[in-house]
Amino acid sequence: AMTGSLLIKILIGLAIFLLIGIWQLKQIRDFSPSLLDFSKTTDISGSSSYIRTGRVGISLIDEKSFFCGADFTGGVTPCVALAKIPDGSRITVAAATLKSASGAILFAMDVKLNSHEIYTISPEMALKKWWTGIYFRVASTCVMSIAAYILILIIASMILR
């Protein structure tokens with residue numbers, strides 16, 4: 001009886017793993033940007049601010065957030081270049097608009113302070129960075145889901161003992 005229930009637990013774990021993987025692949029397919037998406041930018045000028053929140057921060061231009069890293073879930077990395085300049089500095093951001101699961105986000109391709117470039121990335125590099133971020137996101141989500149499932153099994157076996 002013990003081997004049967006172990007097999008069922010393993011099959012449930014695999015099913016969870018597969019469903020999460022499939023759901024993420026669908027999200028990636030729906031939201032993956034092209035080189036053209038990173039090439040089409042809009043210049044936004046305004047006052048900068050950088051708010052530190054834990055490990056990551058929030059980069060803002062005129063109270064609107066923009067990002068230097070993104071994946072299908074939305075903006076995931078703020079523009080750290082802003083942390084080095086005083087809040088309220090006049091900056092110009094050449095931003096690409098990317099669609100994500102959390103709505104449209106502004107992705108900085110270029111940030112200028114007093115017409116000096118303080119951050120820039122090529123469309124090719126931005127696209128490569130987006131896909132690198134995806135691999136880490138998918139791998140970590142799958143690992144976390146399995147870890148959570150194993151934790152639930154351990155807790156359930158302690159309660160049902």
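These numbers come from the heavy atoms of this one structure, side chains and all, not from hydrogens, waters or symmetry mates.
In terms of heavy-atom proximity, Ile20 sits nearest to Ser145 at CD1-CB, 3.2 Å. For the residue pair Trp130 and Ser32, the shortest heavy atom distance occurs at CH2-CA, 3.4 Å.
In the hydrophobic clustering of ILVMFWY residues, with side-chain heavy atoms under 4.5 Å counting as a link, Phe67 and Ile118 come out together. A chain of hydrophobic side-chain contacts below 4.5 Å, direct or via other Ile, Leu, Val, Met, Phe, Trp or Tyr residues, connects Leu98 to Leu35. Transitive grouping of hydrophobic side chains (ILVMFWY, heavy atoms separated by less than 4.5 Å) keeps Leu25 and Ile16 in distinct clusters. Hydrophobic clustering of Ile, Leu, Val, Met, Phe, Trp and Tyr side chains at less than 4.5 Å, counting indirect connections, keeps Leu60 apart from Val80.
Judged as a salt bridge (charged side-chain N to carboxylate O under 4.0 Å, His left out), the pairs with a partner in residues 93-115 (not counting sequence neighbours) are, in order, Asp110-Lys112. The salt bridge (charged side-chain N to carboxylate O under 4.0 Å, His left out) contacts involving residues 114-123 comprise nothing, where partners must be two or more places apart or lie in separate chains. Residue pairs that meet the salt bridge (charged side-chain N to carboxylate O under 4.0 Å, His left out) test with at least one member in residues 82-94, sequence neighbours left out, do not exist here.
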After noting the C-alpha distance and the side-chain angles of Phe38 and Ile121, does the key distance pass the side-chain contact (heavy atoms from CB on, under 4.5 Å) rule?
-> CA-CA 10 Å; Phe38 286 111; Ile121 190 169; over 6 Å; no
Could you walk me through whether Tyr149 and Lys9 pass side-chain contact (heavy atoms from CB on, under 4.5 Å), step by step?
-> CA-CA 9 Å; Tyr149 176 65; Lys9 286 174 185 168; 3.8 Å; yes
Met109 vs Thr120, side-chain contact (heavy atoms from CB on, under 4.5 Å): CA-CA, chis, key distance, verdict | CA-CA 6 Å; Met109 296 303 295; Thr120 187; over 6 Å; no
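How far OG of Ser34 is from CG of Leu127: 7.5 Å, rounded to the nearest 0.5 Å. Ile58 contributes atom CD1, which lies 12.0 Å from atom CZ of Arg52 (distance to the nearest 0.5 angstrom). One distance of note links CG of Leu113 with CD1 of Ile85; it measures 5.0 Å at 0.5 Å rounding. The OG atom of Ser65 lies 12.5 Å from the OH atom of Tyr50; values are rounded to the nearest 0.5 Å. Residue Phe107 holds its CZ atom at 6.5 Å from SG of Cys68, rounded to the nearest 0.5 Å. Atom OG of Ser102 is separated from atom CZ of Phe31 by 8.5 Å, given to the nearest 0.5 angstrom.
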Please list, one pair per line, the donor and acceptor atoms closer than 3.5 Å that link side chains of residues 152-160 to other protein atoms, with sequence neighbours excluded.
from	atom 1	to	atom 2	distance (Å)
Ser157	OG	Leu153	O	3.4
Ser157	OG	Ile154	O	2.8

Could you list the donor-acceptor pairs under 3.5 angstrom formed by side chains in residues 133-143, with sequence neighbours left out?
from	atom 1	to	atom 2	distance (Å)
Arg137	NE	Asp71	OD2	2.8
Arg137	NH2	Asp71	OD2	3.3
Arg137	NH2	Thr73	OG1	3.3
Ser140	OG	Phe136	O	2.9
Ser140	OG	Arg137	O	3.1
Thr141	OG1	Gln24	OE1	3.3
Thr141	OG1	Arg137	O	2.8

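Residues that satisfy the side chain to side chain contact (heavy atoms under 4.5 Å, CB included) test with Phe66, not counting sequence neighbours, are Ser59, Ile61, Cys79, Leu82, Ile91, Val93, Leu106, Ala108, Val111.
Of the listed residues (Ser48, Ser45, Ser115), just one forms a side chain to side chain donor-acceptor pair (under 3.5 Å) with Thr92, and that residue is Ser45.
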